[in-house]
Amino acid sequence: MQAYGGVSVVNALPSWYGSSMAVNLKVNVNVREGKRDLTKENKLIKVIIDYFKEKYLIPDIIVEINSELPQKGGLKSSSAVSVALIAEIVKNYKIIGIDIPKLSAILSLKAGVSYTGALDDAVAAYCGGISFTYNKFFKVIKMEQAPKDLVIVILVKGERQINININQLKKYRLIFEDIFTISLKDFLLAMKLNGILIANILGYPLEPIEDAIKKGALASGISGNGPSYFAVCKEGEEGPIYETLKKYGDVIITRPVDLDCQSTSVKS
């Protein structure tokens, strides 16, 4: 089963309100029956398999993951793996009545890989498009199709080195609630405000963001809690942004993913 990475529109940590845009960086997950090797299962995968074994009595399975996403880079890799694995189990064992993004959020909390469950990331990873959620109550507020003429330039950074101070982020709850309200009408403005503010709060350098905006980016910032940066621009205008971000490390050019939620209870 396939799912997608994403970039942040609104970080959900300060206020529980989150928004994410799926990008065409894929995660593919396959499962086959066989003796589990717990040394090869991270905590999230273990929690997901244990859930289905206990609730639906599935046999032991071996999980194979092929991912285009760096881990712990802020590009929603955990949510992509989670929804893809849950969807693959649901398909293989013909389990019905599962809200896959919601279950992903619940089990991500249980596994301790997310502070909020990251429902916004899970919905975008599974459905594509742009998600708008209230993660505290696992509520999908809205979904929308991303514009087809956008290009996303990602400055890929390795695993996160800084420690995330959740209490520090929550001091900005009211500001991020306002940014979320803006996102419902102008996701690019919200993405820009969020990306710059998160970089400031968490202590990431602003130079890549400023350079991307000077070169014509419609929005730029830190994705998730970092360390990866992103810039969004109109198709055909990505060249100068790519060149300027290359000064800071490896760069990927990708596109938004079309919204397609026909196979889930999540609806726009």
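One is the number of the first residue; the rest follow in order along the sequence. Model, not experiment: these values are computed from the prediction. Values below: every heavy atom of this structure, side chains too, minus hydrogens, waters and symmetry copies.
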Item to check | Derivation of the side-chain contact (heavy atoms from CB on, under 4.5 Å) call for Asn11 and Tyr172 | outcome: CA-CA 11 Å; Asn11 189 308; Tyr172 297 85; over 6 Å; no

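- Between Tyr229 and Ile222, the closest side-chain pair of non-hydrogen atoms falls below 4.5 Å.
- Distance alone, capped at 3.5 Å, is enough to place a donor-acceptor pair between the Ser223 side chain and the Gly74 backbone.
- Formation of a donor-acceptor pair under 3.5 Å by the Thr244 side chain with backbone atoms of Pro240 is not found in this model.
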Checklist entry - When you look at Ile154 and Leu25, which way does the side-chain contact (heavy atoms from CB on, under 4.5 Å) test go after all the steps? => result CA-CA 11 Å; Ile154 297 173; Leu25 296 173; 3.9 Å; yes

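- Panel note: side chain Lys170, backbone Leu13; a donor-acceptor pair is recorded below 3.5 Å.
- Contact check for Met21 versus Met191: side-chain heavy atoms found under the 4.5 Å cut-off.
- Residues Lys157 and Pro227 approach most closely at CG-O, 3.3 Å, considering heavy atoms.
- Paired with Arg36 under the rule side-chain contact (heavy atoms from CB on, under 4.5 Å), one option of Ile49, Ile61, Val63 passes, and it is Ile49.
- Judged by a 6.0 Å distance limit and a 45° cone about the ring axis, Lys142 is positioned over the six-membered ring of Phe132.
- Of all the heavy atoms in Val83 and Pro101, the pair that sits closest is CG1-CA, 4.3 Å.
- Rounding to the nearest 0.5 Å places CG of Asp99 at 8.0 Å from CD1 of Ile106.
- Residues Ile141 and Thr133 are not in side-chain contact: their nearest non-hydrogen atoms beyond the backbone lie 4.5 Å or more apart.
- Residues Arg173 and Pro14 approach most closely at CB-O, 3.5 Å, considering heavy atoms.
- A single hydrophobic cluster is not seen to contain both Met1 and Ile95; linkage of ILVMFWY side chains at heavy-atom distances under 4.5 Å, directly or through other members, places them apart.
- Distance CG/Asp37 to CG/Asp60: 11.0 Å, rounded to 0.5 Å.
- Put simply, the side chain of Tyr115 never gets that close to the backbone of Ala12: no donor and acceptor are under 3.5 Å apart.
- In Lys91, the NZ atom is crowded: over 12 heavy atoms of neighbouring residues, nucleotides or ligands sit closer than 6.0 Å.
- Within 6.0 Å of CG on Asp250 lie no more than 12 heavy atoms contributed by other residues, nucleotides or ligands.
- Side-chain contact between Ser114 and Thr116 is present, with heavy atoms from C-beta onward closer than 4.5 Å.
- Hydrophobic clustering (side-chain heavy atoms under 4.5 Å, transitive across Ile, Leu, Val, Met, Phe, Trp, Tyr) groups Val81 together with Phe52.
- A pairwise comparison of heavy atoms in Pro59 and Lys53 identifies C-NZ, 4.0 Å as the closest pair.
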Item to check | side-chain contact (heavy atoms from CB on, under 4.5 Å) assessment of Tyr51 paired with Lys110 | outcome: CA-CA 10 Å; Tyr51 170 84; Lys110 184 176 180 180; 5.7 Å; no

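- Proximity of a side-chain donor or acceptor of Glu238 to a complementary backbone N or O of Gly236 within less than 3.5 Å is detected.
- Salt bridge status for Glu210 with Lys214: absent, with no side-chain N to carboxylate O gap under 4.0 Å.
- Taken together through direct or relayed side-chain contacts under 4.5 Å among Ile, Leu, Val, Met, Phe, Trp and Tyr, Val232 and Tyr4 form parts of separate hydrophobic clusters.
- Proximity of a side-chain donor or acceptor of Ser82 to a complementary backbone N or O of Ser79 within less than 3.5 Å is not detected.
- In the hydrophobic clustering of this structure, Ile196 groups with Ile201; members are Ile, Leu, Val, Met, Phe, Trp, Tyr whose side-chain heavy atoms approach within less than 4.5 Å, directly or through other members.
- The pair Asp50-Lys46 counts as a salt bridge, with a side-chain nitrogen and a carboxylate oxygen less than 4.0 angstrom apart.
- Here the side chain of Ser8 pairs no donor or acceptor atom with the backbone of Val10 at under 3.5 angstrom.
- Contact record, Val27 with Ala80: CG2-CB, 3.8 Å, taken as the closest heavy-atom pair.
- A donor atom on one side chain and an acceptor atom on the other are not found under 3.5 Å apart for Lys192 and Asn194.
- Side-chain N or O atoms of Ser131 include one that pairs as donor or acceptor with a backbone N or O of Asp120 at under 3.5 Å.
- A distance of 9.0 Å separates CG in Leu202 from CG in Leu197, rounded to the nearest 0.5 Å.
- Atoms CG and CG, on Leu189 and Leu218 in that order, are 11.0 Å from each other to the nearest 0.5 Å.
- A salt bridge links Asp149 with Lys234; the closest basic N to acidic carboxylate O contact falls under 4.0 Å.
- The backbone N or O of Asn30 sits nowhere less than 3.5 Å from a side-chain atom of Glu88 that would complete a donor-acceptor pair.
- Ion pairing between a basic and an acidic side chain is recognised when a charged N comes within 4.0 Å of a carboxylate O; Glu235 and Arg255 show such pairing.
- By the 4.5 Å heavy-atom criterion applied to side chains, Ile45 and Lys40 are not counted as neighbours.
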Item to check | Steps toward side-chain contact (heavy atoms from CB on, under 4.5 Å) verdict (Asn92, Ile58) | outcome: CA-CA 10 Å; Asn92 283 7; Ile58 70 167; over 6 Å; no

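- Minimum heavy-atom separation, Ser20 to Lys76: OG-CE, 3.7 Å.
- How far CG of Asp260 is from OH of Tyr126: 9.5 Å, rounded to the nearest 0.5 Å.
- The structure places OG1 of Thr254 at 6.0 Å from CD1 of Ile152, a figure rounded to the nearest 0.5 Å.
- Both Tyr242 and Ile209 belong to a common hydrophobic cluster when Ile, Leu, Val, Met, Phe, Trp and Tyr are linked at side-chain heavy-atom distances under 4.5 angstrom.
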